[in-house]
Enquirer: 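Starting off with a structure, shown below.
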Amino acid sequence: MASSLLFGYLVSILPAGLLALALLLAIPRALAGARVAVHIVFFIFARDAMSPAGFWQLDAGSMRLTAPAPVLLALAGMSAALFAGVAWLERVTWWRGVRLGPSLSWGVLGAAVITALAAGLKTAAGLPSLPAPSAAMLAPMLVFALLGNAYEELLFRGMLQQRLAQHMSAVRAAIASGVLFSLCHAWLAFLVTRAGVPVLVFTLIEGLVAAWVFSRAGLLAATLAHGLAIAVLASGVY
């Protein structure tokens with residue numbers, strides 16, 4: 001069952017993956033902005049295809065990972081492979097200057113800020129929650145949340161935000177990165193899941209905080225902030 005679900009998903013995103021690869025082979029490395037755009041568009045397509053595949057459930061107030069544990073772990077592994085491959089292809093030296101202690105501290109702080117703001121807004125708006133997952137799913141969900149969002153953070157922070165910072169101040173680059181991150185969830189919010197504005201609000205908070213953390217402590221910290229916040233949301237804590 002798990003293998004057939006995963007196979008069907010991979011088949012569904014294969015044409016987009018081949019098109020993205022062809023474009024990246026054709027676009028000169030000097031056109032860095034166009035290459036970043038190709039990476040992000042493919043990511044959006046691959047992420048949004050997880051909804052019809054039944055890998056997650058998203059509504060206005062909550063998100064649950066509904067794929068079997070083996071599928072979540074396989075997706076986490078594929079995301080890690082994409083992270084390594086794209087970082088190598090685009091020569092993103094994200095590990096330079098990374099210090100484990102500050103990265104962990106900033107990552108946990110960022111996740112706490114995202115969670116507190118999102119939980120407060122959800123309570124104020126009176127949004128409902130989906131049923132909580134079983135305890136046996138918490139560990140696979142955490143692995144998926146961290147590794148899956150590492151690839152996303154590489155694209156939006158390690159590549160997009162870094163690129164924007166070459167043309168504007170660091171603060172403006174962080175804000176632009178966060179806003180664009182949220183807008184890239186519009187198709188998911190309004191057409192794929194119909195969860196609507198709350199998804200854009202949550203992802204705006206998430207994007208701005210992750211961008212702030214990235215500017216302070218780098219990609220590892222931003223990935224922890226993003227991944228831990230998603231893990232908390234998916235676990236049904238609020």
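Quantities reported herein were computed from a predicted structural model and do not represent experimental measurements. Atoms considered below: every heavy atom in the structure, side chains included; atoms not considered: hydrogens, waters and symmetry mates.
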Enquirer: Sub-3.5 Å donor-acceptor pair from the side chain of S215 to the main-chain atoms of W212, do we have one?
Expert: yes
Enquirer: Under a plain distance cut-off of 3.5 Å, with no hydrogens placed, do S62 and D59 share a side-chain donor-acceptor pair?
Expert: yes
Enquirer: Do F214 and E153 pass the side-chain contact (heavy atoms from CB on, under 4.5 Å) test, and can you show the C-alpha distance, the side-chain angles, and the key distance before you say yes or no?
Expert: CA-CA 9 Å; F214 174 77; E153 285 302 304; 5.5 Å; no
Enquirer: With a 4.5 Å heavy-atom cut-off, do L75 and L6 have their side chains touching?
Expert: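 Of all side-chain heavy-atom pairs linking L6 with L75, at least one is under 4.5 Å.
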Enquirer: Ignoring hydrogens and angles, tell me if any N or O in the side chain of S105 forms a donor-acceptor pair with the backbone of G101 under 3.5 Å.
Expert: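 It does hold such a pair.
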Enquirer: How far apart are the closest heavy atoms of N149 and G227, and which atoms are they?
Expert: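 Result for this residue pair: ND2-CA, 3.9 Å.
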Enquirer: What pairs meet the side chain to side chain donor-acceptor pair (under 3.5 Å) rule with one or both residues in residues 185-197, with sequence neighbours excluded?
Expert: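 Counting only pairs at least two positions apart or across chains, the side chain to side chain donor-acceptor pair (under 3.5 Å) contacts touching residues 185-197 are R47-H185.
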Enquirer: Using a 3.5 Å distance criterion without hydrogens, assess whether the side chain of S79 forms a donor-acceptor pair with backbone atoms of A76.
Expert: no
Enquirer: Under a 4.5 Å cut-off applied to non-hydrogen side-chain atoms, are V237 and T115 in contact?
Expert: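 The answer is no, as the side chains (C-beta and beyond) never meet within the 4.5 Å cut-off.
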Enquirer: Does some side-chain heavy atom of E152 sit less than 4.5 Å from a side-chain heavy atom of I230?
Expert: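 Of all side-chain heavy-atom pairs linking E152 with I230, none is under 4.5 Å.
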Enquirer: Would you mind reporting whether Y151 and M78 have side-chain heavy atoms less than 4.5 Å apart?
Expert: no
Enquirer: Can you confirm whether R91 is buried at CZ, in the sense that more than 12 heavy atoms of other residues, nucleotides or ligands lie under 6.0 Å from that atom?
Expert: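 It does not: R91 CZ has 12 such atoms or fewer within range.
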Enquirer: Taking C-beta and beyond as the side chain, do L147 and F83 meet within less than 4.5 Å on heavy atoms?
Expert: no
Enquirer: Would you check if the side chain of T123 reaches a backbone N or O of A119 as a donor-acceptor pair within less than 3.5 Å?
Expert: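 Yes: the side chain of T123 pairs with the backbone of A119.
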Enquirer: Any side-chain heavy atom of L89 sitting closer than 4.5 Å to one from H39?
Expert: yes
